[in-house]
Amino acid sequence: MLKQVEGSRAVAEAVAMCRPRVICAYPITPQTHIVEALSAMVKQDTLKAEFLNVESEFAAMSVAIGASAAGARAYTATASQGLLYMSEAVWNAAGLGLPIVMTVANRAIGAPINIWNDHSDAMSQRDAGWLQLYAETNQEALDLHIQAFRIAEELSVPVMVCMDGFLLTHASERADIPGQAQVDAFLPRYEPRQVLDPAEPVSIGAMVGPEAFTEVRYLAYERMRQALEVIPAVRVGFAAGFGRDSGGLVRPYLTEDAETVVVAMGSVLGTVKDTVDELRANGTKIGVLGITTFRPFPADAIRLALGTRTRHVVVLERALAPGSGGIVTADIQASLTAWDLRISTVVAGLGGRAVTRKSLRGLLIQASDLPPLTFLDLNSSLVEAEVARMSAARRSGPSAENILRDLGITASRIG
Amino acid sequence: MDKPFAITLDVGSSRANHTGAWRTERPVYVNHLPPCNNACPAGENIQQWLYDAEEGSYEAAWRQIMQDNPFPAVMGRVCYRPCETACNRAQLDSAVGINSVERFLGDEALRQGWQVPVDAAPTNEGGRGGGRGVLVVGAGPSGLSAAYHLTRLGHAVTVKDAGAAPGGMMRYGIPKYRLPRDILDAEVDRIRRMGVTLELNTKVTDIQAELDAGFDAAFVAVGAHIGRRAYIPAGDSARIMDAVSMLHSMEDGASPMLGRRVAVYGGGNTAMDAARTARRLGASEAVVVYRRTREKMPAHDIEVEEALEEGVTMRWLSTVAQAGEGTLVIEKMKLDETGFPQPTGEFEELEADCLVLALGQNADLSVLQDVPGVTFSDNVVEVGPDLMTGHPGIFAGGDMVPSERTVTVAIGHGKKAARSIDAWLRDPGGRPPQTPPRGVGTGSPAAYKHAPASFGALNTWYYSDAPATVRPRLETARRIGTFDEVTGGLDESTALFEARRCMSCGNCFGCDNCYGVCPDNAIIKLGDGTYEIDYDYCKGCGLCVAECPCGAIEMEPEPT
Amino acid sequence: MLQVRFHGRGGQGVVTAAELLASAAFREDRHAQAFPSFGSERMGAPVMSFCRIDDKPIRTHEPVTEPDALIIQDPTLLHQADLFAGLGRDGYMLVNSTKDFGELGLDEFVQGFQRDRLLVVPASSLAMTHLGRPLPGAALLGGFAALTWAVSLDSVLAAINEKFTGTVAEGNAAAAAAAFDFVRDEREALNRKAGANA
Amino acid sequence: MPPQIKFYQTGSFAVGNRLLAEDQRSVQSTAGRSNALTCGHRACQGCGEALGARYALDAVHRATGGNMIAVNATGCLEVFSTPFPETSWQIAWLHSLFGNAPAVASGVAAALKAMGRTDIRVVGQGGDGGTVDIGFACLSGMFERNDDVLYICYDNQAYMNTGVQRSGATPPAARTATTQAVGREPGNRFGQGKNMPLIAMAHEIPYVATATVADLRDLEYKATRAMDFPGARYLHILVPCPLGWGSSPADTVKVARLATESGLFPVFEAEAGEVTSSTPIRHQVPVTDYLRIQARYAHLFKPEEKTEVIGRIQAAADRNIRRFGLRGQ
């Protein structure tokens with residue numbers, strides 16, 4: 001049923017229809033609206049589940065681990081610092097092969113503390129052994145959660161559904177909310193691969209030494225490879241059940257004849273597509289490749305998606321690996337080594353900085369001469385001033401505060 | 001379920017890992033000789049019968065006593081309890097009231113009329129059942145004990161005694177208030193009912209003749225009934241008698257004329273008996289005159305205490321120098337460095353209507369006097385470790401052989417003599433038998449050779465604090481003037497309490513501590529109250545040894 | 001595509017207003033997108049929200065930098081830096097105030113625009129009258145419907161009745177309707193004046 | 001307090017007692033005990049934790065009729081019990097992390113509740129490090145939500161798994177790898193550390209109790225009693241560590257016994273924040289009896305006896321005795 005609805009609400013309704021048995025969360029902006037909605041449903045008894053208000057994200061993931069190991073479908077949501085705080089448990093859940101589904105309302109990581117959107121948080125857990133799916137729209141965020149439970153439980157691996165904080169979580173958009181019957185038909189009862197059962201006791205979480213650890217890790221890698229087949233299959237199954245094409249590995253847009261392909265993830269894709277349309281109107285051969293599944297990294301699908309004419313790949317990154325550069329870029333490069341391509345990274349939208357068509361247009365018009373690494377809309381004068389300060393005096397003070405002083409205003413400016 | 005590789009494991013799989021390999025020392029179950037058993041002159045397996053009594057199996061407990069001693073009810077009254085002196089529990093709170101439990105069991109047996117079956121039919125014809133005819137001279141504790149054991153061993157026993165009633169010193173030496181006669185009679189009667197022939201008023205004079213008359217062996221235990229005399233200058237009118245005959249006369253129904261003030265000369269148990277009897281016969285003063293100090297006094301403490309309670313007074317470091325009518329002359333003594341009393345030359349007078357001499361007894365050895373091979377030394381018969389005299393086939397025991405003169409010792413002699421006689425009858429050339437294994441538990445007989453169980457080897461924390469129960473005693477007012485039994489018995493609950501205070505020193509009593517405290521589940525519980533160590537998993541930590549309450553586990557080096 | 005930017009103060013229902021507008025458009029089977037200017041602001045601080053309305057799916061997720069319309073919920077914001085940023089010459093603006101542009105000192109500013117597209121409506125007082133609370137959001141939307149015809153009054157009222165219930169719904173609806181009439185009359189008056197001048 | 005029965009056979013204090021009816025006997029004395037932690041594990045000789053874990057879990061196993069799931073924090077217990085490819089556990093058992101056992105247990109309990117399997121009970125367990133330090137927040141959260149979990153802390157007073165470093169439960173003056181017996185104040189400092197049972201009580205959870213491996217009947221009684229309560233329960237068990245305490249493997253139980261008999265480790269139980277009973281000391285001993293047999297306190301006795309320090313430890317014991325009424329009747 002079509003609704004004009006806030007992204008968090010849409011996701012909450014989707015999650016509820018997946019019938020999780022245990023939901024736990026610790027409040028952190030911008031994930032709160034999702035769990036608030038779920039909590040209300042549990043309280044009103046419209047959702048039969050245990051809702052635990054835990055004392056930290058570390059506990060939230062730990063509760064999910066226990067619940068999942070005991071055979072219950074478990075869900076939690078977090079963001080930013082919260083994801084880092086639960087990091088140890090995040091890796092543990094993957095190691096134990098527990099099909100937990102978690103929403104990450106993507107947000108920057110401090111210091112300086114920043115509540116706005118970027119992908120630094122999810123990127124920090126890139127290698128935790130979780131699947132990472134990125135939503136372009138609220139509709140897709142909703143759909144990906146339903147698919148996530150299906151994928152997670154089929155493979156017995158946890159899945160992270162990443163949606164841009166505020167940009168999606170707090171945005172009211174049109175969304176098609178499926179019916180419970182549809183979801184039930186698509187998502188079978190949770191059949192755990194391993195379960196804590198006094199009737200059939202086992203020890204889960206044993207210590208593994210050098211004699212088998214490599215093998216255990218290999219199997220984690222192997223499960224990720226299987227995921228590359230499962231995810232497209234689930235996309236097809238979902239389309240059949242819901243009449244909508246959502247999820248999958250990658251989303252090419254006008255790449256067939258494109259000489260330049262912009263690679264990006266999440267809500268920025270819409271803005272990029274609009275920009276691309278404008279550029280094409282001026283005859284620029286440019287396309288877009290959206291990555292829906294970042295973990296496992298769909299190298300084959302990406303190669304397949306790139307047009308034969310592609311000469312230049314611009315990776316639009318909502319995160320930064322200091323000392324290295326683009327994080328997604330590294331994977332792209334690794335998967336395109338055999339090809340003769342120019343790959344450049346554009347770091348954009350950090351900590352809530354708006355990514356506007358205007359800026360993108362200016363950037364992509366001269367895509368072919370982009371340097372390896374560009375910071376979109378970087379205020380160079382601010383940076384230079386601070387660099388000067390630092391070279392002038394040892395005790396130059398806190399950079400963030402210095403810059404804000406120079407800027408003369410705080411947040412809430414347009415964009 | 002099909003489990004993920006490595007991180008999920010099947011239960012209990014670590015049993016494949018035999019940690020026994022870590023061990024350098026291994027625990028083993030042992031059995032030590034309990035101090036009580038070790039101390040018992042009658043060789044009772046006290047720990048075992050306490051164990052039976054603990055769970056209320058009184059008959060089993062009683063039968064266990066009867067293995068070694070046919071007089072539990074008597075023992076429970078007159079024994080001087082070397083077992084309790086030795087009891088380890090004395091070092092914790094107070095000794096287990098073994099004697100009172102024994103008395104309870106003995107009395108219970110009489111109440112219930114339990115009898116002792118005779119294993120082999122008695123016969124005096126050679127060969128059949130190995131039974132022979134054995135003569136026992138003297139129906140005292142030693143003789144009756146021997147008769148009892150010989151009968152159980154399948155021999156036909158005839159007991160001959162000069163007295164009118166059986167029991168010897170138990171009857172003629174121990175006053176009624178310590179040993180009621182119905183008890184004695186009942187226990188003697190039980191022996192008689194086993195088929196022992198008892199011929200009273202029959203003084204044996206020629207032992208050789210008896211043997212020729214068809215007895216295959218003889219056990220002589222006529223005791224020591226002759227009161228020792230000492231030379232005391234005395235006026236004609238002085239009334240002097242000896243304690244033995246005085247106490248004896250009590251049994252003949254003719255109570256002696258003692259007068260109001262009675263002096264008893266001597267410091268043994270007999271002296272106490274005499275003084276206490278005097279009080280009961282109406283003497284307002286009963287004074288015990290003794291050459292040395294109380295510490296040196298041979299009489300047992302209980303006897304002395306009870307005597308004092310009953311108003312008997314004591315004159316330490318005193319000898320009777322002269323006896324006249326109504327008065328005695330007492331000389332003060334002092335102990336020299338060797339602890340021997342020396343005269344001081346100081347004299348004083350003591351008012352006394354009568355002087356009772358309790359200076360010890362001598363045995364009437366006439367019955368063995370002219371038997372070839374039999375030898376004597378200072379008024380007793382010389383015997384070997386098997387109690388056989390110099391004359392093959394003639395054994396002797398009790399007060400007439402060198403040993404402490406107590407009923408319990410005598411009963412022990414009876415058992416020992418019976419076994420020796422049985423062995424001798426089967427193989428006259430054979431060597432005296434070994435003392436048989438004692439104690440309960442799981443060890444091999446060899447284990448019994450271990451030293452007696454020491455208090456140090458116990459872990460007493462596991463025993464709840466339970467001070468001894470005091471036996472009810474007749475209040476002194478009622479003691480004087482009556483011959484009612486002074487010390488009462490325990491009822492069942494208190495007897496059970498006492499039995500359960502036993503710590504089972506040196507022998508496993510199945511408390512499950514080892515089974516419980518092993519961090520490696522390496523103790524196998526066999527179910528019959530015994531255990532086995534699973535050396536596949538035992539790491540040799542020694543916890544079971546440290547936590548065994550009764551010291552029945554020990555570490556020994558791993559065999560290399 | 002119609003892009004609207006709302007300016008107000010935290011607590012005035014700026015975000016709700018944007019969502020109501022989106023919801024109204026949704027009822028007319030149009031695609032709409034509403035979202036706040038995400039800040040850590042608290043009550044009273046200047047805040048913004050945005051709304052986009054289009055006939056085809058809206059893909060962009062950038063903030064509205066070149067609005068077709070501005071809705072100013074609080075006249076005290078009028079002199080804030082770059083309040084009008086990006087508003088085109090043929091743009092619309094609806095200001096919540098009982099004063100006119102002259103009194104607001106905006107005479108000069110409004111000159112450069114199509115005059116009948118910039119209006120003032122006493123949304124707060126209308127809200128006080130009909131709702132009993134100075135929450136101008138609904139009234140402004142009613143006025144906005146009359147100003148731009150981007151959405152119908154019925155859709156606005158429907159959106160209001162979906163979002164609120166009982167007296168709150170009634171009060172907001174009444175305020176919206178009143179504001180609609182007020183703006184419609186204002187525009188007709190202005191057009192008449194324009195006609196007369198011509 | 002467990003019902004005390006007179007006379008050793010009816011086992012006032014011994015594990016077994018042949019004169020008691022089967023159902024009155026201690027779990028450990030029964031041939032059919034579950035051995036939740038069975039043999040073949042890699043614990044040190046005389047490991048108190050291995051002993052305490054089996055004691056407690058076997059009791060819970062009997063109380064729940066085997067309907068139990070255990071969640072284990074990282075630590076010695078977890079490492080020595082489940083080295084791949086073997087496990088010593090004979091119950092449903094889960095290990096996740098060092099610091100999250102209470103939360104994982106909460107998750108298991110929540111799942112069971114959601115699935116209508118409240119007949120299955122959950123036990124969370126860990127060492128003192130996993131409980132009073134790194135797992136503290138999760139434990140407090142589990143308490144505060146009153147989740148239906150029995151959490152058992154096996155307290156050996158330091159991080160033994162990593163080589164005997166100080167924990168928040170390490171007692172004053174004790175030597176560890178990070179509180180060496182050198183310097184002006186040798187061993188662990190006075191005035192530090194936390195009293196977890198009292199902290200648990202401050203949450204006013206239904207049941208809190210302490211026990212040691214030296215009094216099995218008391219321990220089993222408490223583990224069993226804990227299962228009578230719904231909600232969050234806390235059982236703090238003192239488990240000597242021969243390695244870390246420098247005591248003889250054979251003395252593991254003895255050391256624990258002296259800890260209680262000296263008053264240094266009060267044994268008590270509390271309901272809803274109130275102490276309801278304490279186990280009286282049977283034969284009080286001076287703290288030196290307890291300290292002398294542990295190498296971690298050796299510096300208190302040589303080269304010369306540090307009477308002042310020992311005095312402070314004795315004072316702590318005396319305070320416990322007053323505070324918890326350990327004198328008995």
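Throughout, a chain's letter reflects where its sequence line sits, starting with A, and its residues are numbered from 1. This structure is a prediction, so every number in the text was calculated from the model and none was measured.
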Point to revise | Within residues 9-45 of chain A, residues adjacent to chain D where the heavy-atom gap is under 4.5 Å | key: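 Contacts with chain D: A:Arg21, A:Val22.
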Which bit of [X] comes within less than 4.5 Å of chain A, counting heavy atoms only: side chain, backbone, both or neither?
X	answer
D:Ile91	backbone
D:Gln90	backbone
D:Asn72	neither

If every non-hydrogen atom of [X] is compared with every non-hydrogen atom of [Y], which pair is closest and at what distance?
X	Y	result
D:Gly66	A:Pro198	O-CB, 3.5 Å
A:Asp197	D:Ala92	N-CB, 3.9 Å
D:Gly141	A:Glu55	CA-OE1, 3.5 Å
A:Val54	D:Arg145	CA-NH1, 3.5 Å
D:Gly99	A:Phe58	O-CE2, 3.4 Å

**Study point:** Within 6.0 Å of OH in A:Tyr85, more than 12 heavy atoms from elsewhere
**Key:**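 Open: at most 12 neighbouring heavy atoms sit under 6.0 Å from OH of A:Tyr85.
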Check your understanding: Around atom CG of A:Leu155, are there more than 12 heavy atoms of other residues, nucleotides or ligands at under 6.0 Å?
Key ->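 Yes - once you tally the heavy atoms of other residues, nucleotides and ligands closer than 6.0 Å, there are more than 12.
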Check your understanding: Can you say whether A:Ser203 sits under 4.5 Å from chain D via the side chain, the backbone, both, or neither, judging by heavy atoms?
Key ->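 A:Ser203 touches chain D through backbone and side-chain heavy atoms alike.
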Exercise for review: Counting only heavy atoms closer than 4.5 Å, note whether A:Ala64 contacts chain D via side chain, backbone, both or neither.
Suggested key: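 Contact with chain D is absent: no heavy atom of A:Ala64 under 4.5 Å.
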Exercise for review: Taking the side chain as every heavy atom from C-beta outward, state whether A:Leu52 and D:Asp147 have any pair of such atoms under 4.5 Å apart.
Suggested key: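 A side-chain contact under 4.5 Å exists here.
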Inter-residue atom distance [X].[atom1] - [Y].[atom2], 0.5 Å rounding:
X	Y	atom1	atom2	result
D:Phe84	A:Glu211	CZ	CD	6.0 Å
D:Met142	A:Ser62	CE	OG	13.0 Å
A:Glu88	D:Leu97	CD	CG	4.0 Å
D:Glu86	A:Met207	CD	CE	13.5 Å
A:Leu196	D:Leu94	CG	CG	5.0 Å

Practice item. Could you check which of D:Ser140, D:Ala111, D:Ala103, D:Ala109 has the highest count of heavy-atom pairs closer than 4.5 Å to chain A? Key: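 Top count of heavy-atom pairs under 4.5 Å with chain A: D:Ala103.
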Practice item. Keeping the roles fixed (side chain from A:Asn92, backbone from D:Ser96), state whether a donor-acceptor pair exists under 3.5 Å. Key: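 Between the backbone of D:Ser96 and the side chain of A:Asn92 there is a qualifying donor-acceptor contact (under 3.5 Å).
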